[in-house]
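Predicted, not measured: the structure shown is a model, and the values here were computed from it. Ligands are counted one by one from 1 in listed order, and the atoms in each one are counted from 1 as well.
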Amino acid sequence: MSPNSFLLPGLLVLLALGQCRCQQLPLVASDSDDWDLRTPPNPNTTGHLVFDTVSSLLVHWPNTNYHNGHTIVPGTIPTGMLLYHGRNDPDAPTAREWVSTDPEFARLFCVEPTDCWLLTVVTTRPLRILYFDGSSATKMPDGPMDSQDLLIWGEVLPERATPEWEYERLHNLCDNFEFDGILRMQLNFELMLCSFTDGVTTQSLVRLEDEERFPHYAYGFLDSSRWNDDFPGLSRIHLDLTRLISLYDTSLAPSLIPFRYGKSRRAHRVLGIDDRDTQAVLASVRALSSTHPPGSGIDWRNMFQSIRDRYAIRLEVLHDVLAEDDSSMQQRAFRIIQMLLLPYRLHNAVPSSSDSADEMWAAPVFRLCAAAHTSFAESDSVRAKFTASEHLLLAAVRETHKEICRTLVGMWADGVVYNTASKSTSDETELVRRWRREVQRLMEWLGWSEWVKCRPACVFPESCYYPGAPFSMEEWNSTTPRCVRLFEPYAGIPEEYIIDSI
Ligand SMILES: *[C@@H]1O[C@H](CO)[C@@H](O)[C@H](O)[C@H]1NC(C)=O
Ligand SMILES: *[C@@H]1O[C@H](CO)[C@@H](O)[C@H](O)[C@H]1NC(C)=O
């Protein structure tokens, strides 16, 4: 397909009329919701995936953990922000080129250790950018470039995930979409800038001291990536979540559902998307340039983060406590469960003595917990102001928090019944086994990168490093971060792995 064939106006009309894809999953629960504590989520729902990807935007660690991005989101680089470009000659670019958000990354683009010139530009007005999440600057056919492929070629072409196609990507995105630049990540962030004369001005162009390529400044680059490891990540750039597009949106891209089915999250790709969904995605991206309503005003990013804050550390502690072999472990675990549900444990929620298998007594606790973060957003007057993306965000947070609540309330109800009944050792063993299984399942379902860490923790002067592009390409699929030394004697990154594909 030619890059321009997705401009067809007739198609936009079709999409505007809202063709029924009729495969949409019920992301948002209705009043007739099932409050049964034993019904797990449909395996094809994606609310938790939208939740995790959206709350991980511009953060380094989760986008290395899941390198295949699924989110396309517009944003703004504010006036006065510095951007960097490194090269082996003093010829400052006048046309489209790459810049980075930190000079340590730009330094790598001086391919020779000598004659390294660093150009620093500064934005003179807000730049409109489009961000692709995941490790989207990594030239690998395994999926990190899938979502940009859709916009550039109109289909996923893994064989073009090579440096040779990079200028064509840049020109295509700049020519066909109304943005000043395209933001991508591999360890650190880079911007494909559509113009070096409009929106930026030169601040300095200097020749840097000659220095060895390895290991010194590569480590500087590695070090710079750590600044964005955790929330809020690269907060200098402001994303507009009210206009976000997600390929996990099952009403936008239902053709991807069967491709994800039964696969681990790391294997999720955009490869396989059908032509109809591709056109719908392209139409959504084009619509980003038109005027748009302001939306509800809800700060989604921080709403999502407040939920991660409430659960991330304590779920891990609960998981670790349950792994202990200790006679008072059950009581400690139960206390953590109680703490996690503190605002929802109603005074009058007590089990009926007649039937210990009936869990209806706990349903009000489940309902209160599940609605806690979203009841305001779900009111008709607020929803009336929603953009299309905000409906997706609401569904994501509701579905995710509901499952957290279902799991924890189920565990808590088990504990309450156990503690009020005659406690036997075999009951306790069974209870702890169920708790372990449930916490494990919930954490796997959520897939939060807070739980991917160096174990045991690194000791100064080591730092925890997630192998991946552009170093350690042979460990591309690794899910195990490890400690590396950022000072002599350097350790952790074999020299031969260093950059041949940036
Ligand atoms: C999930 O999707 C797969 C693949 O499309 C389908 O076979 C399966 O029936 C779906 N499962 C449910 C519970 O909807
Ligand atoms: C990574 O894993 C995927 C899926 O398991 C596989 O197809 C791919 O070849 C692997 N890539 C590398 C570089 O090992």
Residues that Arg269 engages under salt bridge (charged side-chain N to carboxylate O under 4.0 Å, His left out), provided they are two or more places apart: Asp146
Qualifying residues under salt bridge (charged side-chain N to carboxylate O under 4.0 Å, His left out), relative to Arg265, sequence neighbours excluded: Asp52
Between Glu316 and Lys453, is there a salt bridge with N-O shorter than 4.0 Å? yes
Using 4.0 Å as the upper bound for N to carboxylate O, is an ion pair formed by Arg38 and Glu359? yes
Is there at least one pair of N or O atoms, one from Tyr261 and one from ligand 1, spaced under 3.5 Å apart? no
Answer yes or no: is the gap between the SG atoms of Cys116 and Cys110 smaller than 2.5 Å? yes
Check ligand 2 for close polar pairs with the protein: N or O on both sides, less than 3.5 Å.
residue: ligand 2; atom: 2 (O); partner: Asn477; partner atom: OD1; Å: 3.3
residue: ligand 2; atom: 2 (O); partner: Asn477; partner atom: ND2; Å: 2.3
residue: ligand 2; atom: 11 (N); partner: Asp142; partner atom: OD2; Å: 2.7
residue: ligand 2; atom: 11 (N); partner: Asn477; partner atom: ND2; Å: 3.1
residue: ligand 2; atom: 14 (O); partner: Asn477; partner atom: ND2; Å: 3.4

I'd like to check the salt bridge (charged side-chain N to carboxylate O under 4.0 Å, His left out) partners of Arg437; sequence neighbours left out, ordered by chain and number. none
